[in-house]
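Before any comments, here is the structure.
Labels below follow one simple rule: chain letters A, B, ... track the order of the sequence lines, proteins then strands, and each chain is numbered from 1. Since the structure is predicted, the reported quantities are computational estimates derived from the model, not experimental observations.
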2 protein chains.
Amino acid sequence: MSDHSARARRRGEELIRAIHDAVLEEVVEVGAGRLTMDGIARRAATPRTTLYRRWSDPIEVLLDALYHQHPVEEPTPGADDLRGDLIRALRLMVEWALSPAGRAVATILTDPKSVALMSEALFERVFANRGGTFTRTVLQHYADRGRFPVELLTPVVADIGEALVTKRLIDTGTAPSDEDLSAIVDQAILPAIGLGPGGPGAARA
Amino acid sequence: MSDHSARARRRGEELIRAIHDAVLEEVVEVGAGRLTMDGIARRAATPRTTLYRRWSDPIEVLLDALYHQHPVEEPTPGADDLRGDLIRALRLMVEWALSPAGRAVATILTDPKSVALMSEALFERVFANRGGTFTRTVLQHYADRGRFPVELLTPVVADIGEALVTKRLIDTGTAPSDEDLSAIVDQAILPAIGLGPGGPGAARA
DNA sequence: GGATTTAGATACATGAATGTAGCTAATCGC
DNA sequence: GCGATTAGCTACATTCATGTATCTAAATCC
């Protein structure tokens, strides 16, 4: 009877990854507010004692999991296709937002206890370049190449795409289709940088 | 010894209002996920039994409280001042979002258990015209009067202002200043309806 | 003023999560 | 191989929320 334990004993990195996965699944199911050490431990199939050896409460586990997430893919502006690159950037954002990590971030941001537990530094590390830099990268690229006036690339303008996608996600709870993303680009972002659907100045005609 | 109880006994409307107030305070402090009958009862200084007589769980209490909130003030377009009316509409929205009810809605929307408990109808009643119709009312008014082409007032365009204000609230956690609201109107909304800062077609020059 | 309704004050059994402790045994480093 | 580390297991006292039940007494209706 050498194998009364079904699975080889996990340790170090492997175990921690399992716990990180567990907490991300758990938070999507019950919300950041109802996270418990017990629930995480059960889902990760590990004793609670293992959790207490490393973290002091469920939110710590969650933040740690997010901290160790692989960074999201960055939008990489390629050919001379501003419109297409913007749509692709927003698609990347949607993808991230629907991932376990993205959903976890959403619940954290409206949970008072979680927010209180986050240091500035952690906030920076976890959220920077995720909810806010998808279209900015693309816009900066084309502004630098003179496709539109740099002074139009204000903080507000850089946020338009992300803001509208976020609102849609909250309102409908479902992923925006490619047509939705195109509409956002054509009707909100491009006009803001002086490039209406029919080209510069088209709105006048 | 007729007053061994410090306060006159509350009943009916008065008691219910106290409970509604309590649950709204409670949810802002602990989040929708950590709401408990116990916590609400303590804050309202009433026995738990009183709560169970009317509601079956904490989320029900919260939804009921929101359901009975007085509706928000509606933006009322007045003089011929599209820009000013848009800014005022967004200011109304910020005001609402920072109120107890607004904060409660924010936590509810990212709490899986709460969302699951909301029927379509209740959702409609509680959230309609709150997160989404501040600038739309104004824009519709001026579109009808021919100040800009009606076909430019798409669902996406009607969402721009609310989306950007929401994003700011989430990102910074603080209320946008009037300059911030002006920037949103000038740099995002007006361009989208063909009215750039310098008037129609200005982006071309 | 008497009957009805309903808040307020217990009390209690149950279940869940907490945080700690002690032991066993698998895995790793040398 | 041997010692150090660290999962895994079990137990336990504590705290908190739950849901129900019972009784008292204040407010209201007629």
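- The distance between atom CD of A:Glu13 and atom C1' of D:dA7, rounded to the nearest whole Å, is 15 Å.
- A:Arg83 pairs with exactly one of A:Leu86, A:Asp81, A:Asp85 by the side-chain contact (heavy atoms from CB on, under 4.5 Å) rule, that one being A:Asp81.
- Heavy atoms of A:Gly39 sit nowhere under 4.0 angstrom from any nucleic acid atom.
- Using a 4.0 Å heavy-atom cutoff across all strands shown, B:Arg34 reaches no nucleic acid atom at all.
- By the 30° and 60° cut-offs, the orientation of the rings of A:Phe134 relative to A:Trp96 is tilted.
- Rounded to whole Å, atom P of C:dA17 lies 15 Å from atom CD1 of A:Ile59.
- Backbone-only contact: B:Arg10 has heavy atoms under 4.0 Å from sugar-phosphate atoms and none from a base.
- Protein atom CG of A:Asp57 is 12 Å distant from nucleotide atom P of C:dT20, rounded to whole Å.
- Checking B:Arg11 against B:Thr49, the closest nucleotide of DNA chain C that is more toward the 5' end is the one next to B:Arg11.
- When rounded to the nearest whole Å, the span between CG of B:Leu51 and P of C:dA9 equals 13 Å.
- The separation between A:Met37 atom CE and D:dT15 atom P is 19 Å, rounded to whole Å.
- Nucleotide C:dT6 holds its C1' atom 19 Å from the OH atom of B:Tyr52, rounded to whole Å.
- Checking D:dA17, D:dC9, C:dA17 against every side-chain atom of B:Arg42, the shortest atom distance belongs to D:dA17.
- The distance from atom CH2 of B:Trp55 to atom P of C:dT6 is 13 Å, rounded to the nearest whole Å.
- To the nearest angstrom, P of C:dA26 lies 16 Å from CD of A:Glu14.
- Note on B:Thr46: only backbone sugar-phosphate atoms sit closer than 4.0 angstrom, heavy atoms only; bases stay farther off.
- For the pair A:Arg53 and C:dA21, the criterion of a side-chain N or O lying under 4.0 Å from OP1 or OP2 is not met.
- A salt bridge does not link A:Asp159 to B:Arg168: none of the charged side-chain nitrogens sits closer than 4.0 Å to a carboxylate oxygen.
- Ion pairing of B:Arg43 with B:Glu25 is present here, as a side-chain N (NZ or NE/NH1/NH2) and a carboxylate O approach within less than 4.0 Å.
- Taking the charged nitrogens against the carboxylate oxygens, B:Asp111 and A:Arg34 do have a contact shorter than 4.0 Å, which makes a salt bridge.
- OP1 or OP2 of C:dA17 has not a single side-chain nitrogen or oxygen of A:Arg48 nearer than 4.0 Å.
- Heavy-atom distances to DNA chain C give each of A:Asp38 and B:Thr50 a nearest nucleotide, and the one nearer the 5′ end belongs to B:Thr50.
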